[in-house]
Each structure stands twice: as structure tokens, then as C-alpha cells.
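Report on one structure; see the data block that follows.
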Amino acid sequence: MRPNIITEAGIPTRLNQWWSSIPFVTSGVILICGVIYLLCLLIGYDSYVEICFLPSAVASHFQVYRFYTSVLFHGSLLHVLFNMLALVPLGTELERIMGSVRLLFLMLLLATTNAILHLTIAFLVAYNPLYHVPNLVNECSIGFSGVIFSMIVIETSLSGVQSRSVFGLFNVPAKWYAWILLVLFQFLASNVSLLGHLCGILSGFAYTYGLFNYLLPGPSFYSKIEGLSALSVCVRRPGFIMCTGGTTYGQLPTYSNTSAAPSALINGNFLRNISSWMPSRHTSTAQEGEDPRFPGRARTLGSVGTEPTAREASAHLHARLLDNTTPSDPLTNTQHTAVNTVRADATVTAEQVDTFDEELKKLVGMGFEKTQAEVALAAADGDPNVAIEILMSQQG
């Protein structure tokens with residue numbers, strides 16, 4: 001009897017395909033939160049008093065680490081499972097729009113701003129002159145849902161959708177989607193932090209309206225992070241999305257300084273200035289014929305700073321080929337052969353730049369976005385077949 005291929009390769013294959021379609025940072029957050037919950041389950045840790053977001057502890061003991069530990073810990077299996085399932089579509093879409101490094105920075109920014117808003121509102125409400133509500137500053141909250149609510153607002157703004165489905169039951173206007181979820185969770189679930197979710201929504205709107213623009217670094221910051229040798233293993237991962245290769249729809253808020261600023265700390269972008277301190281690769285400006293996207297591409301291995309350019313090498317090669325005189329000394333003949341070999345290699349390397357542009361035009365003609373095609377072709381070292389596989393994996 002012929003085996004049923006669909007049955008044999010059903011659930012495991014589908015799970016593998018589903019997991020491989022999740023980008024690098026999103027899958028990393030899921031793994032970290034899942035592993036942390038399993039470790040807490042194994043060692044029997046369930047108090048969470050030392051790591052949860054507790055406004056009174058943050059204010060009295062300046063325990064800023066709670067900003068981030070409270071995000072990674074979860075109280076139950078359903079808690080972590082529901083949050084991570086909600087993170088998969090949101091994180092995948094935002095990572096494809098922004099890129100992996102930009103999304104990681106966004107998550108850290110949202111975790112920080114959510115905690116600051118939570119702390120501020122909790123103390124304002126708890127000690128207002130009209131009616132004191134002291135339990136808000138003693139509320140211990142954990143979970144990634146605050147950041148998820150921020151991501152819901154941001155993804156809705158970037159995608160431009162007009163309506164959203166609530167649990168597949170009915171559609172609501174996209175601008176009210178996060179608020180409706182906030183109300184529903186308060187009625188449908190117990191022990192839900194209203195203030196934590198509310199601060200997530202407020203941070204999301206603050207980001208989309210540009211209130212955090214002074215905290216956002218420019219594209220060069222992300223490029224330098226991606227170029228760090230310590231992260232080369234991560235960048236080469238199939239699920240890693242370059243910040244220059246994301247989907248182009250949607251307007252990403254970013255800081256742009258259009259006028260000269262007298263003070264970098266006040267009117268400038270502090271994080272953008274920090275990025276200039278990071279080490280970067282310097283290329284020689286002597287070779288004017290070099291393609292700036294691929295520094296050193298027209299030079300052969302073992303060449304020195306006085307090595308002729310590829311065009312000069314090509315001229316020398318043609319001159320030697322047209323020369324009818326043949327050296328009589330075998331050693332001299334060998335040296336001429338070696339020189340010709342090096343010059344020929346240099347000519348071929350120079351032609352690779354033109355070949356790159358031709359392959360890039362072909363990929364653009366196939367319907368791929370130019371920036372994505374350029375990044376993929378560079379990562380594939382000019383091989384169009386490998387570049388197509390990279391592009392298809394990012395779109396899948």
C-alpha cells in the first residue's frame with residue numbers, strides 16, 4: 001500500500017515550516033520567554049516578587065532592572081503561551097517592515113517607556129489630592145503583554161489597515177482595536193494589569209505620533225550594529241532581516257536633524273551621536289573607480305596600496321598580449337606568466353561590478369524590491385540563484 005505522504009509529513013513538517021518563517025528577533029524573544037518560564041517551573045520559582053514591576057520598589061530602591069525582568073517572566077503556561085502566540089504575527093510583520101536590529105531596539109524602547117509611564121501614572125493616581133489609591137504602587141505585574149499592546153498600535157499604524165478582527169468573531173475599526181482588546185481582557189481574564197496594558201497603548205501612540213523621535217537613532221546606527229564582527233553569525237542567519245531590506249510600506253518614525261544644533265545633548269540625537277563612537281571600516285579614497293557599495297572589490301588578493309587599478313591592469317594585459325617579443329629566460333617567462341595571471345584576475349574582478357548591476361536589474365525586473373534585491377545579492381556574493389532563495393525566504 002502506498003504511504004500517505006501528507007499524513008507522514010503532516011504536523012512536524014508544518015510546525016517546522018511555521019517556525020522557520022518567524023524572523024530572528026521575534027523567534028529569539030519567544031525562545032527566551034519560553035526557556036525562562038520552564039526554568040521557573042523546574043525550580044519551583046513562583047513568587048516573582050524580586051523581578052516583577054513593582055512601582056514602590058522601583059521608586060524606593062531604584063530597582064531599574066525590573067523594567068526588563070518583568071517583561072520576560074510569565075505567571076502561568078496559558079499566560080506565556082497566549083502572549084507568544086500574539087507576538088508571532090505582530091513581531092513577524094514589524095520585523096519585516098523595520099529589520100531585526102531596529103525591532104530589537106524598539107522592544108527595548110517600549111519596555112522602558114511603558115515602565116516609566118506605569119510608574120508615573122501609578123504614583124499620580126495613588127497620591128492624588130482627591131482620592132488615594134495606594135494599591136496601584138504595590139501592584140506586582142509581569143508579562144510581555146504591555147509591549148504587545150504597543151506593537152499592536154504601531155503595526156496597525158504602519159500597515160494602514162482600516163479594520164481588525166476581534167478573535168475572528170467581528171470586525172472593528174483599526175483605530176479602536178487596541179482599546180477594545182483592553183476592555184475585553186479586563187472582563188474575560190482575571191489578575192490582568194489594566195495600567196500595564198494602558199501604558200503599552202499610550203507608548204504605541206507616542207511612537208506613531210513621533211513623540212519618541214529624539215530617542216530614535218538614524219539608519220547609520222543600525223548599519224554599524226549590523227556590521228559588527230561579533231554579530232556576523234546572527235546576520236548570516238536566514239531569519240535575520242537587514243534594516244535596509246525590510247518592506248518599504250509604512251512610514252517609520254525616525255529622528256532627522258534639519259538644522260545645525262548647538263548642543264548634541266539638547267537639540268541633537270544622543271543615540272545617533274553615540275553611534276559615531278562605534279568602530280567602522282575605513283576605505284581608501286585613492287581608487288575613484290571603486291564601487292562604494294563594495295569597497296576593495298576591484299583589488300586582487302595580496303595586492304598592496306601601490307597596486308594598479310583594474311583598468312590599468314587590463315591595459316597592461318592587452319599590451320603584453322600584443323607584444324611579439326618572447327623572453328628567452330625561463331625564469332623571466334615564468335614571471336611574465338605570473339604577472340599576466342594577476343592582471344587577468346584583476347580584470348575579471350572589475351567586471352564583477354558590472355555583472356552585479358546586471359543581475360540586480362534582473363531581480364528588480366522579476367518584481368523584487370530594489371533595496372531587498374541589492375542586499376540579498378550582496379549576501380549571496382553575486383549569485384542570482386542564492387539571492388532569489390534569500391528573497392523568497394524573507395517573503396515567505
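Fair warning: this is a prediction, and the values are worked out from it, not measured in the lab. Positions are given from 1 along the sequence.
Counting only heavy atoms from C-beta outward, the side chains of Phe144 and Met107 approach each other to under 4.5 Å. In this structure the side chain of Pro23 never reaches within 4.5 angstrom of the side chain of Phe240, judged on heavy atoms. Contact check for Met98 versus Cys243: no side-chain heavy atoms found under the 4.5 Å cut-off. In this structure, the side chains of Val153 and Tyr207 stay at 4.5 Å or more apart for every pair of heavy atoms. The shortest distance between side-chain heavy atoms of Phe221 and Leu216 does not fall below 4.5 Å. Annotation: side chain of Ser193 is in contact with side chain of Glu139 (closest heavy-atom distance under 4.5 Å). Between Leu106 and Arg102, every side-chain heavy-atom pair lies at or beyond the 4.5 Å cut-off. At least one side-chain heavy atom of Cys40 sits less than 4.5 Å from a side-chain heavy atom of Phe73.
Other residues, nucleotides and ligands place more than 12 heavy atoms under 6.0 Å from the CG atom of Asn128. The 12-atom threshold is exceeded at CH2 of Trp19, counting heavy atoms of other residues, nucleotides or ligands nearer than 6.0 Å.
Heavy-atom minimum distance, Ser21 versus Arg96: O-NH2, 3.4 Å. In plain terms, the two heavy atoms of Ala206 and Phe212 that are nearest each other are CB-CZ, 3.6 Å. Of all the heavy atoms in Phe53 and Ala115, the pair that sits closest is CZ-O, 3.3 Å. Of all the heavy atoms in Val101 and Glu226, the pair that sits closest is CG2-CG, 3.7 Å. The minimum heavy-atom distance linking Thr156 with Ala174 is given by the pair CG2-CB, 3.5 Å. Among all heavy-atom pairs drawn from Pro89 and Ala86, the shortest one is CD-O, 3.5 Å.
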*Go through the steps to decide whether Met242 and Val235 satisfy the test side chain to side chain contact (heavy atoms under 4.5 Å, CB included), and finish with yes or no.*
CA-CA 8 Å; Met242 305 288 286; Val235 173; 3.8 Å; yes
*Starting from the C-alpha separation in whole Å, work towards a yes-or-no answer on side chain to side chain contact (heavy atoms under 4.5 Å, CB included) for Arg164 and Ser159.*
CA-CA 11 Å; Arg164 289 287 192 186; Ser159 62; 3.6 Å; yes
*asked:* Using side chain to side chain contact (heavy atoms under 4.5 Å, CB included), reason through Met151 and Leu94 one step at a time and then give a plain yes or no.
replied: CA-CA 8 Å; Met151 295 172 67; Leu94 286 178; 3.7 Å; yes
*Please walk me through it: do Ile36 and Ile32 pass side chain to side chain contact (heavy atoms under 4.5 Å, CB included)?*
CA-CA 6 Å; Ile36 288 177; Ile32 291 174; 3.8 Å; yes
*Run the ring-ring contact (aromatic ring centres under 6.0 Å, His included) check on Phe185 and Phe82 step by step: do they pass?*
CA-CA 12 Å; Phe185 282 132; Phe82 188 85; 5.7 Å; yes
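Cluster annotation: Leu184 and Leu90 are assigned to the same hydrophobic cluster (Ile/Leu/Val/Met/Phe/Trp/Tyr, side-chain heavy-atom contacts under 4.5 Å, transitive). Transitive grouping of hydrophobic side chains (ILVMFWY, heavy atoms separated by less than 4.5 Å) brings Ile180 and Ile152 into a common cluster. Note: the hydrophobic cluster containing Phe67 also contains Phe62 (ILVMFWY, side chain heavy atoms under 4.5 Å, direct or indirect links). No continuous path of hydrophobic side-chain contacts links Leu81 to Tyr48 [ILVMFWY only; heavy atoms under 4.5 Å]. In this structure, Leu195 is a member of the same hydrophobic cluster as Val125, with clusters built from ILVMFWY side-chain heavy atoms closer than 4.5 Å.
If you check the side chains of Ser163 and Asn171, you find no donor sitting under 3.5 Å from an acceptor. Side-chain atoms of Glu50 and Tyr45 include a donor-acceptor pair closer than 3.5 Å. Residues Arg14 and Gln17 bring no donor and acceptor atom of their side chains to less than 3.5 Å of each other. Side-chain contact annotation: Thr112 with Tyr68, donor-acceptor N/O pair under 3.5 Å present.
Side-chain atoms of Ser56 come within 3.5 Å of backbone atoms of Val137 as a donor-acceptor pair (strictly under, hydrogens ignored). Between the side chain of Thr92 and the backbone N or O of Val88, at least one donor-acceptor pair lies under 3.5 Å. Distance alone, capped at 3.5 Å, is enough to place a donor-acceptor pair between the Thr208 side chain and the Gly204 backbone. Using modelled atom types, no side-chain atom of Ser70 and backbone atom of Ile142 make a donor-acceptor pair closer than 3.5 Å. Checked by atom type and distance alone, the side chain of Ser203 never pairs as donor or acceptor with a backbone atom of Leu110 at under 3.5 Å. No donor-acceptor distance shorter than 3.5 angstrom exists from the side chain of Ser145 to the backbone of Ile148, with no hydrogens or angles considered. A donor-acceptor distance shorter than 3.5 angstrom exists from the side chain of Glu95 to the backbone of Thr26, with no hydrogens or angles considered.
Rounding to the nearest 0.5 Å gives a distance of 10.5 Å between OH of Tyr37 and NE2 of His79. His197 NE2 to Asn114 CG: the interatomic distance, rounded to the nearest 0.5 Å, is 10.5 Å. Here Leu202 contributes atom CG and His118 contributes atom NE2; the two are 12.0 Å apart, rounded to the nearest 0.5 Å. Between atom OG of residue Ser165 and atom OH of residue Tyr177 there is a gap of 7.0 Å, rounded to the nearest 0.5 Å. Atoms CG and CG, on Leu117 and Leu124 in that order, are 10.5 Å from each other to the nearest 0.5 Å. Between the CZ atom in Phe149 and the CD1 atom in Ile154 there is a gap of 13.5 Å [rounded to 0.5 Å].
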